[in-house]
Amino acid sequence: MSAARADAAGDMAGAIYEVNLDLDAAIADDYLAWLREHIAQICALPGFLGATLHLVADPLAEPGRRALCVQYRLRDQAALDDYLRDHAPRLRADGMARFGGKFSASRRILHPIAN
């Protein structure tokens with residue numbers, strides 16, 4: 001991480017790893033069943049404190065699509081770095097193997113700003 005990014009994020013205590021999902025409504029039930037197990041596997045990894053699964057209400061998903069958002073809470077950036085390096089490729093590959101091109105994911109990382 002660059003010095004500027006570290007300064008902007010403060011002491012880097014705590015992190016939110018957000019995954020936004022857009023999926024074909026036809027796979028929604030199967031995907032959601034898989035996703036709940038996927039979230040449990042991730043939350044069992046070191047440094048993860050929990051996760052919240054959301055149905056995205058605004059903006060509305062396109063017709064025939066569903067939009068979901070998962071926000072994972074982590075101890076710190078180091079825990080997220082470990083996940084991204086050591087576990088993410090395998091866990092992401094599982095979703096791709098099961099659901100192929102029927103969904104897309106975008107991700108972002110958030111750090112709290114002290115008041």
Side-chain angles (χ1 to χ4, degrees):
M1 173 173 297
S2 72
R5 284 181 61 200
D7 289 345
D11 64 5
M12 305 301 280
I16 300 292
Y17 178 54
E18 181 177 275
V19 181
N20 289 288
L21 301 157
D22 176 72
L23 52 130
D24 186 326
I27 67 162
D29 291 341
D30 289 340
Y31 190 89
L32 198 52
W34 171 82
L35 182 60
R36 286 187 169 113
E37 178 60 29
H38 178 75
I39 291 169
Q41 289 175 343
I42 292 174
C43 286
L45 295 170
F48 279 81
L49 306 175
T52 306
L53 173 60
H54 307 271
L55 176 64
V56 176
D58 187 22
L60 286 174
E62 295 292 322
R65 308 294 293 172
R66 295 280 167 81
L68 304 171
C69 175
V70 184
Q71 291 184 327
Y72 297 96
R73 294 176 310 283
L74 290 104
R75 177 188 64 233
D76 53 24
Q77 181 65 41
L80 180 56
D81 292 344
D82 290 346
Y83 164 74
L84 293 171
R85 182 188 61 245
D86 300 334
H87 303 285
R90 169 181 48 84
L91 291 166
R92 290 177 186 174
D94 181 48
M96 290 303 294
R98 291 175 189 250
F99 300 103
K102 297 178 182 173
F103 79 99
S104 65
S106 63
R107 298 162 179 91
R108 64 185 189 164
I109 299 165
L110 308 168
H111 292 284
I113 298 175
N115 293 333

Exercise. Have a look at D94 and tell me which of R92, R90, R98 forms a side-chain hydrogen bond (donor to acceptor under 3.5 Å, both in side chains) with it.
Key: R98
Exercise. Nearest 0.5 Å please: distance from the CD1 atom of I27 over to the CG atom of L32.
Key: 10.5 Å
Exercise. Report the residues that fulfil side chain to side chain donor-acceptor pair (under 3.5 Å) with H54, sequence neighbours left out, ordered by chain and then residue number.
Key: none
Exercise. For residues 103-115, pull every pair meeting salt bridge (charged side-chain N to carboxylate O under 4.0 Å, His left out), keeping only residues two or more places apart or in separate chains.
Key: E18-R108
Exercise. With sequence neighbours left out, write down each residue that passes side chain to side chain donor-acceptor pair (under 3.5 Å) with S104, or none if nothing qualifies.
Key: none
Practice problem: First locate atom CZ of F99, then atom CG of L23, and finally report the distance between them rounded to the nearest 0.5 Å. | Solution: 9.0 Å
Quiz item: Step by step, would you call Y83 with I42 a side chain to side chain contact (heavy atoms under 4.5 Å, CB included)?
Solution: CA-CA 9 Å; Y83 164 74; I42 292 174; 3.6 Å; yes
Self-check item: Which atom of R66 lies closest to which atom of A28, heavy atoms considered
Solution: NH1-CB, 3.5 Å
Self-check item: Contacts of D86 that satisfy salt bridge (charged side-chain N to carboxylate O under 4.0 Å, His left out) - sequence neighbours left out
Solution: none
Quiz item: Going through the distances and angles, do V56 and L68 end up as a side chain to side chain contact (heavy atoms under 4.5 Å, CB included)?
Solution: CA-CA 5 Å; V56 176; L68 304 171; 5.6 Å; no
Quiz item: What is the minimum heavy-atom distance between K102 and R65, and which atoms define it?
Solution: O-NH2, 4.0 Å
Exercise. Report yes or no: do L80 and L91 belong to one cluster of Ile/Leu/Val/Met/Phe/Trp/Tyr joined by side chain heavy-atom distances under 4.5 Å?
Key: yes
Quiz item: Within a strict 4.5 Å, meaning less than it, do heavy atoms of the Y72 and I39 side chains meet?
Solution: yes
Quiz item: If every non-hydrogen atom of C43 is compared with every non-hydrogen atom of A51, which pair is closest and at what distance?
Solution: SG-CB, 3.6 Å
Quiz item: Taking C-beta and beyond as the side chain, do I109 and I16 meet within less than 4.5 Å on heavy atoms?
Solution: no
Quiz item: How many angstroms lie between CG in D82 and CZ in F48, if you round to the nearest 0.5 Å?
Solution: 9.5 Å
Quiz prompt | Nearest atoms (heavy-atom pairs only) where A15 meets Q77 | solution = CB-N, 4.5 Å
Quiz item: What residues, two or more places apart in sequence or in another chain, satisfy salt bridge (charged side-chain N to carboxylate O under 4.0 Å, His left out) together with D30?
Solution: none
Quiz item: How many angstroms lie between atom CZ of R73 and atom OH of Y17, to the nearest 0.5 angstrom?
Solution: 15.5 Å
Quiz item: Any chain of hydrophobic side-chain contacts (each under 4.5 Å) joining L53 to F103?
Solution: yes
Self-check item: L21 vs L35 side-chain heavy atoms within contact, under 4.5 Å
Solution: yes
Quiz item: In terms of hydrophobic clusters joined by side-chain contacts under 4.5 Å, are L55 and W34 together?
Solution: yes
Quiz prompt | Atom pair CG (N20) and CD (Q71), whose distance is rounded to the nearest 0.5 Å | solution = 8.0 Å
Quiz item: Who pairs with A79 by side chain to side chain contact (heavy atoms under 4.5 Å, CB included), at least two apart in sequence or on another chain?
Solution: L74, R75, D76
